[in-house]
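Take a look at the structure set out below.
All values reported here derive from a predicted model rather than from experimental measurement. Lettering of chains follows the sequences in order, A, B, ..., and the numbering in each one begins at 1.
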Number of protein chains: 2
Amino acid sequence: MNEKMDDRKLTILNAVIRTYLETGEPVGSRTISKYTDLKLSSATIRNEMSDLEEMGYLMQPHTSAGRIPTDKGYHFYVDQLEENRSSSVEAMNSLLIAKTNRMEEILKKVVKMLALNTNYTTMISAPSVKRNKVKFIQLSRINEKQLLNVVVIDGNVVKNHIIDVKEGISDEQILRLNLLLNTRLNGLSLADINLGLISNIKEEAGDHSDIVSDVLDTIAEVIRAETDENMEIYTSGANNIFRYPELADSQRAAQLITTLEEKEGLADILQSDDDENRGIQVYIGEESPVESMKDCSIGTATYDLGDGMQGTIGIIGPKRMDYEKAMDNLKQVKQSLNDVFKNNSPAD
Amino acid sequence: MNEKMDDRKLTILNAVIRTYLETGEPVGSRTISKYTDLKLSSATIRNEMSDLEEMGYLMQPHTSAGRIPTDKGYHFYVDQLEENRSSSVEAMNSLLIAKTNRMEEILKKVVKMLALNTNYTTMISAPSVKRNKVKFIQLSRINEKQLLNVVVIDGNVVKNHIIDVKEGISDEQILRLNLLLNTRLNGLSLADINLGLISNIKEEAGDHSDIVSDVLDTIAEVIRAETDENMEIYTSGANNIFRYPELADSQRAAQLITTLEEKEGLADILQSDDDENRGIQVYIGEESPVESMKDCSIGTATYDLGDGMQGTIGIIGPKRMDYEKAMDNLKQVKQSLNDVFKNNSPAD
DNA sequence: GTTAGCACTCAATAAAAATGAGTGCTAATC
DNA sequence: GATTAGCACTCATTTTTATTGAGTGCTAAC
């Protein structure tokens, strides 16, 4: 009963999976008997496949159909790939990326290119730093009743906000506030700015403590914006799900589209989990953290721009996706992003 | 042969269309005979419908089926509505909108709410001004080698950019540059900033003409970004297309999704066409400017924030959309947006 | 251990029949 | 002359039945 995975079984399992990836149809014993080198009759294959089914790698969609891989079967296949692969995708045209220097533009371009290359749906999360520190604060006058407040944090993320002031404020007072805010807040992270410090600063600010509140709100907002929870995420190639009949029926498609549009739970997939950044992660079927993607497979890779800034790229496809291609592409994009930003610090 | 549209025909036509809007099924004579007050037999209705078909308002999908409206029929119906309608949608919760003050957030929220309310796909274009003027320019030092350049234009659209400087620059020089740039450029539009002016400024800037170039580039970028061509557009409720079988088949759906994702041609629909801003525009079927929406109807309304800032809201649905509801909602959102911004100048 | 052979299963496809909503036309009625 | 009842006819849709064929499991022979 409890069979052991021998060499021949392995060959057959791989053949079945690879064939299924191509065709999307259950694959029968006769097909394999012809497809492989090992000259075995369909009957023998049949016995082996029966064993593989018992072992949990294959299954039949119904009594008298060929076999298709189970999630476990896919996983076995993917793990195998991961070991002895060498990327073969030609380098992405880095120039195309380097040309524009707005982070948002780059990410959109990358995710689009990836979707185009792979014919799958893709997503990318904007890089976010682990511990964001305030780098620079600037208040300046726009007119009598309005001030412009600019906050820059690590990674040159800039946030501006217009503050309405009721009573007049002199240029000198603005200067003083600038000095105060910068000396007290620069280099601090969100955690460092505690209530004691805040009331301290407000006291020093005197009349204009309300402006200080406003500035602090802005700081909180920009740092929060860079945190995992409301991570910026871009997607592309949603239409590609219609290439794969198993995902294209109204029910599933509507759910998927909704997920992608609302970006529900995508953050869960794209959070750059462990620092043990071991390359490429693959979620197959039920393993997906997101309900609407239980029929999909998802590949992710984390890219790193240095200074602790990192984000994640993801590819979403059917379970019978071309894992080799997907993984190669992920690896490639990851590398390209790392390279492009090595000597480059683009501002948003 | 050439019948005239009398009162009874009109009642019947309206009945047919209204019924079809509900059911999506071709509607037969017997249904109408029961549905309307005018006590007529199915046979009579049949004759009238036959006339209406000849006149181009109705058609049969196949020989022995009920009638469905033609594009012309829909149009007749919609035009009729437009005349004697009084909006009945309860006011959108303006507070919800007013709370946040980032334009982008507002638009996303509005378009989402609209999609939720109507169960159609919705879109909105960010308000753009016709003639953008520079309002405020600020250069400030981040550190030894970097300057932060902030440009504010009409409508409080803010753009910032970090400039790398090779050689050192003194605080005094920065002050001088600020003065120079502001005195020479404030209040000017893109068209006003010509080559003569540019070389003048550069000359005055002396050593730091390269910084001036950088600043000018930023100005060009921000003003260009606000122009019609790369108008910012937000969409929501793409998943709603799956509610309507006539749009939900893979073919059509994939095209629609692609259009929405890439925002191909949406700008054409949302351009706030004529200043003769006559309320609500409806494109039915073939009238759509976008290929993938030839099976849809599109309603648009232009909103106006004053100062010549205007954008457009749009609703995309099946041809048998609930025009009344859609138009009411458009009217309502338009009004709300106008109201909310009346005393409010949010910064992006 | 391998394979040929055979009975059996079952989704998918095709073909045939039944249904029923709706029409157009004609002749009778108001 | 407008309205209506009645009837034969059309045609998409649904239901039913048959046919096909890929694939399996099992057994017996090699």
Side-chain angles (χ1 to χ4, degrees), chain A residues 1-13 15-17 19-20 22-70 73 245-246 249, chain B residues 1 3-13 15-17 19-20 22-55 57-70 73 245-246 249:
Chain A
M1 273 283 141
N2 235 331
E3 283 289 342
K4 199 72 198 182
M5 173 72 82
D6 64 15
D7 218 46
R8 195 170 70 179
K9 279 190 175 51
L10 200 149
T11 314
I12 293 176
L13 177 56
V16 170
I17 295 183
T19 312
Y20 183 69
E22 272 174 37
T23 64
E25 298 291 308
V27 6
S29 52
R30 195 131 179 296
T31 314
I32 297 301
S33 142
K34 283 189 279 185
Y35 181 78
T36 49
D37 309 337
L38 26 82
K39 267 297 180 192
L40 294 176
S41 80
S42 61
T44 313
I45 305 286
R46 216 135 58 218
N47 293 330
E48 295 287 37
M49 295 212 301
S50 177
D51 291 349
L52 285 167
E53 176 160 7
E54 216 165 78
M55 294 160 75
Y57 295 107
L58 294 179
M59 61 170 291
Q60 292 179 279
H62 58 85
T63 316
S64 69
R67 304 300 209 291
I68 64 176
T70 59
E246 61 265 51
D249 79 290
Chain B
M1 274 284 138
E3 283 289 342
K4 200 71 196 182
M5 174 70 82
D6 64 17
D7 217 47
R8 195 169 71 178
K9 279 191 174 50
L10 199 148
T11 314
I12 292 175
L13 176 56
V16 170
I17 294 184
T19 312
Y20 183 69
E22 273 174 35
T23 65
E25 298 292 308
V27 5
S29 52
R30 194 129 180 295
T31 313
I32 297 301
S33 144
K34 282 189 281 183
Y35 181 79
T36 49
D37 311 337
L38 25 82
K39 268 296 179 192
L40 293 176
S41 80
S42 61
T44 314
I45 306 287
R46 218 138 52 221
N47 292 330
E48 296 288 36
M49 295 213 301
S50 177
D51 290 349
L52 285 166
E53 177 161 9
E54 216 163 79
M55 294 159 75
Y57 294 107
L58 296 178
M59 60 169 289
Q60 292 178 278
H62 57 85
T63 315
S64 68
R67 304 302 208 289
I68 65 176
T70 58
E246 62 265 51
D249 79 292

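Remark: P of C/dG24 and CD of B/Glu54 are 11 Å apart, rounded to the nearest angstrom. Distance CD1 (B/Ile32) to C1' (C/dT23): 15 Å, rounded to an integer number of Å. Regarding B/Met49, its CE atom lies at a distance of 9 Å from the C1' atom of C/dT23, rounded to whole Å. The distance from atom CG of B/Asn47 to atom P of D/dA5 is 13 Å, rounded to the nearest whole Å. Computed from coordinates, the A/Asp51 CG to D/dT24 C1' distance equals 14 Å when rounded to whole Å. Atom pair B/Leu40:CG and D/dA5:P shows a separation of 11 Å (rounding to whole Å applied). D/dA22 atom P lies 18 Å from atom CD1 of A/Ile45, rounded to whole Å. The interatomic distance linking A/Met59 (CE) with D/dG23 (P) rounds to 16 Å, in whole Å.
Considering B/Val27, B/Leu40, B/Leu13 as possible partners of B/Ile32, the one that fulfils the side chain to side chain contact (heavy atoms under 4.5 Å, CB included) test is B/Val27.
Nucleotides of DNA chain D nearest to B/His62 and B/Ser42 differ in position, and the one nearer the 5' end is that of B/Ser42. Projected onto DNA chain C by closest heavy-atom contact, B/Gly66 and B/Ala43 fall at different nucleotides, the more 5' of which corresponds to B/Gly66.
Counting only heavy atoms from C-beta on, B/Ser29 has its side chain closest to C/dT23 among D/dG25, D/dT4, C/dT23. Minimum atom distance to the side chain of A/Arg46 is reached by D/dG25, of the listed D/dG25, C/dT23, C/dT3. Side chain of B/Ser64, nearest nucleotide from C/dA21, D/dT24, D/dG23: C/dA21.
A donor-acceptor pair under 3.5 Å is absent between the side-chain atoms of A/Ser50 and the main chain of A/Arg46, judged by distance alone.
Counted within 6.0 Å of CG on B/Asp7, heavy atoms from surrounding residues, nucleotides or ligands total 12 or fewer; the atom is thus considered open.
Under 3.5 Å, the side chain of B/Ser41 and the base of D/dT4 form no donor-acceptor pair of N or O atoms. The base of D/dT10 has none of its N or O atoms less than 3.5 Å from a complementary donor or acceptor on the side chain of B/Thr63. Applying the 3.5 Å distance criterion, the base of C/dG22 shares no donor-acceptor pair with the side chain of B/Arg30.
Using a 4.0 Å heavy-atom criterion, one finds that B/Thr44 contacts the bases of the nucleic acid, with or without backbone contacts as well.
Nearest approach of B/Pro61 to B/Gly66, heavy atoms of both residues: CD-O, 3.4 Å. The shortest non-hydrogen separation linking B/Tyr20 to B/Glu25 is CD1-O, 3.0 Å.
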